[in-house]
Amino acid sequence: MDRERELRDDRDYDLNAYDYILPEECIAQNPVTPRDSSRLLVVDSSTGCHHGVFCELPQWLRRGDLLVINNTRVIPARLYGYKSTGMEMEALLLERVERHVWLALVKPGRRLKPGAVVEFSAHGGEDLPPLKAKIRGTDEATGGRFLEFELSGDRELQDLLDDYGHVPFPPYVTDTQAEADRYQTVYAQAAGSVAAPTAGLHFTPRLLEELEDLGIERAMVTLHVGVGTFRPVEVKDIRTHQMHQEWLEVSGETWQKVRETQKRGGRVISVGTTSVRALEGAAHWWKSQDSLDADSVGSGFYGKTDLFIYPGYEWQVVEGLITNFHLPCSSLLMLVSALVGRSRLLQLYQEAIAEDYRFYSFGDAMLILPDARL
């Protein structure tokens, strides 16, 4: 390996090498209408790219390609409440760890010690009693708190969230008129995420129907987006970053579609980085069981993954990607860099900024085709 290549690889592991400056006005505060009128940066080779509109996606795909979408649904995971002292606080539910016990990020966390009791209010003027919860302890991996909710009988917290919870928009969305349903994909089904799989927000029923009519197939996975996706990378050597586990499901039917697509020469295109983690996470598990190359994997994979994808990763399944523009120094930026190259990706981001693309969750999209892969 020559010295130039060695230096480039070293930079790929340096957190600071994933930083970039984004003008504040580039952060999208509201989604566009209709959804598929967002802009699309198409990366179709190692050097070329094109500027278009998302509704033009069909012209860049081929009959026999397979789009893999994440059908997770965002839950009303943000709760507002107060301590017995009257101090206001809020909680972002991350995941259920046992019956009536949830891991949550809370603010202000330092003032919520184990044993403290908090109450969460219903919203919309509902005449409902507050939800009470006790702080059971701290989770070292996330800095969150374990909340044990006081629920009687057979009641479950999930059934009460529509009355007490709010769909959690990202913290950089500070001035929006968007309704909660715009932070859901049109194909959202399986409730469980605390953030949207944002690449899917651009699809409309009409566009999905057009793709189907053109012979572009579709398969579903489920990955419930949690802290693993949006937790910041804080270590200088990114190889030492530990991803938090997230729940995923890849059915045997979906995997069979992937295998059939590969056999006939079609391309597996992931809609979003969460679909990437689902496919590649399941593939890693099947590979460990020596069943990755089997025509069928039975009932599929249902479990958790802490897979962290960054440059140097050996791809198992995904060949192309539809994705939004991601935060500096984020694990999502590193995942996309593994597909197209860190230097190339940052160059594309600079072009997108110069062309006034809209960034982050409510922003525009990028299509990376297999010919543009490293």
Side-chain angles (χ1 to χ4, degrees), residues 35 66-79 92-104 156-170 179-205 207-208 211-212 217-230 243-258 268-283 285-286 297-307 317-318 322-324 332 361:
R35 292 170 180 253
L66 179 68
L67 286 178
V68 182
I69 62 178
N70 182 5
N71 71 348
T72 190
R73 185 172 185 84
V74 182
I75 62 174
R78 178 161 283 130
L79 302 173
L92 177 65
L93 302 175
L94 296 179
E95 60 178 314
R96 180 180 181 268
V97 295
E98 58 184 83
R99 190 169 187 226
H100 301 335
V101 179
W102 285 68
L103 174 63
E156 296 290 343
L157 182 62
Q158 298 97 308
D159 301 328
L160 304 175
L161 289 180
D162 284 341
D163 292 322
Y164 290 87
H166 304 256
V167 170
F169 285 0
E179 299 292 336
D181 66 340
R182 290 305 307 269
Y183 199 52
Q184 305 278 11
T185 64
V186 297
Y187 46 75
Q189 295 177 356
S193 281
V194 300
T198 55
L201 296 179
H202 306 280
F203 286 90
T204 63
L207 180 57
L208 290 171
L211 290 165
E212 186 174 348
E217 299 196 14
R218 188 163 73 246
M220 287 189 179
V221 297
T222 302
L223 185 139
H224 291 320
V225 184
V227 70
T229 293
F230 58 80
M243 293 286 286
H244 191 76
Q245 291 186 330
E246 292 172 314
W247 177 264
L248 68 92
E249 301 178 10
V250 178
S251 68
E253 179 184 1
T254 287
W255 187 248
Q256 189 68 21
K257 284 187 175 182
V258 168
V268 178
I269 310 293
S270 175
V271 178
T273 56
T274 60
S275 295
V276 170
R277 289 195 70 213
L279 286 172
E280 296 291 325
W285 187 84
W286 283 319
V297 291
S299 59
F301 176 78
Y302 303 83
K304 290 187 174 183
T305 184
D306 60 0
L307 181 64
V317 182
V318 174
I322 298 171
T323 185
N324 279 23
L332 304 181
S361 294

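In this chain, numbering begins with 1 at the start of the sequence shown.
Rounding to the nearest 0.5 angstrom, the gap separating the CD atom in E280 from the OG1 atom in T273 is 12.5 Å. If you take CG on L94 and NE2 on H224, they are separated by 13.5 Å, rounding to the nearest 0.5 Å. How far CG of D159 is from OH of Y164: 12.5 Å, rounded to the nearest 0.5 Å. Distance OG/S270 to CG/L66: 10.0 Å, rounded to 0.5 Å. With rounding to the nearest 0.5 Å, the separation of CG in L79 from CG in L160 is 10.0 Å.
The side-chain heavy atoms of H166 and P76, taken from C-beta on, include no pair separated by under 4.5 Å. Considering only heavy atoms from C-beta on, W285 stays 4.5 Å or farther from T305 through its side chain. Proximity of L208 to R218: side-chain heavy atoms (C-beta onward) are separated by under 4.5 Å at one or more points. The shortest distance between side-chain heavy atoms of F230 and H244 does not fall below 4.5 Å. With a 4.5 Å cut-off on side-chain heavy atoms, K304 and D306 do not count as touching. Residues R35 and R182 meet the side-chain proximity criterion, which asks for heavy atoms closer than 4.5 Å. Inter-residue side-chain proximity for V68 and K257 is flagged as unmet; no heavy-atom pair is nearer than 4.5 Å. Between T274 and T72 there is no side-chain heavy-atom pair separated by less than 4.5 Å.
With sequence neighbours excluded, no residue satisfies side-chain hydrogen bond (donor to acceptor under 3.5 Å, both in side chains) with D162. Under the ring pair (Phe, Tyr, Trp, His ring centres under 6.0 Å) criterion, H100 pairs with no residue at all, not counting sequence neighbours.
Checked by atom type and distance alone, the side chain of N71 never pairs as donor or acceptor with a backbone atom of Q189 at under 3.5 Å. Using modelled atom types, one side-chain atom of T254 and one backbone atom of M220 make a donor-acceptor pair closer than 3.5 Å. Of the possible polar contacts, none joining the T198 side chain to the S361 backbone as a donor-acceptor pair under 3.5 Å is found. Under the 3.5 Å distance criterion, the side-chain polar atoms of Q184 are matched with a main-chain donor or acceptor of V74.
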Exercise. Go through the steps to decide whether I69 and T185 satisfy the test side chain to side chain contact (heavy atoms under 4.5 Å, CB included), and finish with yes or no.
Key: CA-CA 10 Å; I69 62 178; T185 64; over 6 Å; no
Exercise. Might you work through the side chain to side chain contact (heavy atoms under 4.5 Å, CB included) test for L161 and L93, ending with a clear yes or no?
Key: CA-CA 10 Å; L161 289 180; L93 302 175; 3.8 Å; yes
Practice problem: Please assess H202 against N324 for the test side chain to side chain contact (heavy atoms under 4.5 Å, CB included), listing each intermediate value before the final yes or no. | Solution: CA-CA 10 Å; H202 306 280; N324 279 23; 2.8 Å; yes
Practice problem: I would like to know whether V271 and Y187 meet side chain to side chain contact (heavy atoms under 4.5 Å, CB included); could you show each step before the answer? | Solution: CA-CA 12 Å; V271 178; Y187 46 75; 3.9 Å; yes
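When all heavy atoms of V250 and A282 are compared, the closest pair comes out as CG2-CB, 3.8 Å. The shortest heavy-atom contact between A195 and V225 is O-CB, 3.3 Å. For the residue pair N70 and S275, the shortest heavy atom distance occurs at N-OG, 3.3 Å. Considering all non-hydrogen atoms of both residues, L211 and F203 come closest at CD1-CE2, 3.8 Å. When all heavy atoms of I75 and P168 are compared, the closest pair comes out as O-CD, 3.4 Å. Nearest heavy atoms, R96 versus E98: CG-O, 3.5 Å.
Identified under the salt bridge (charged side-chain N to carboxylate O under 4.0 Å, His left out) test for residues 269-279, with sequence neighbours left out: E246-R277.
The local environment of CD in E179 is sparse, with at most 12 non-hydrogen atoms from other residues, nucleotides or ligands closer than 6.0 Å.
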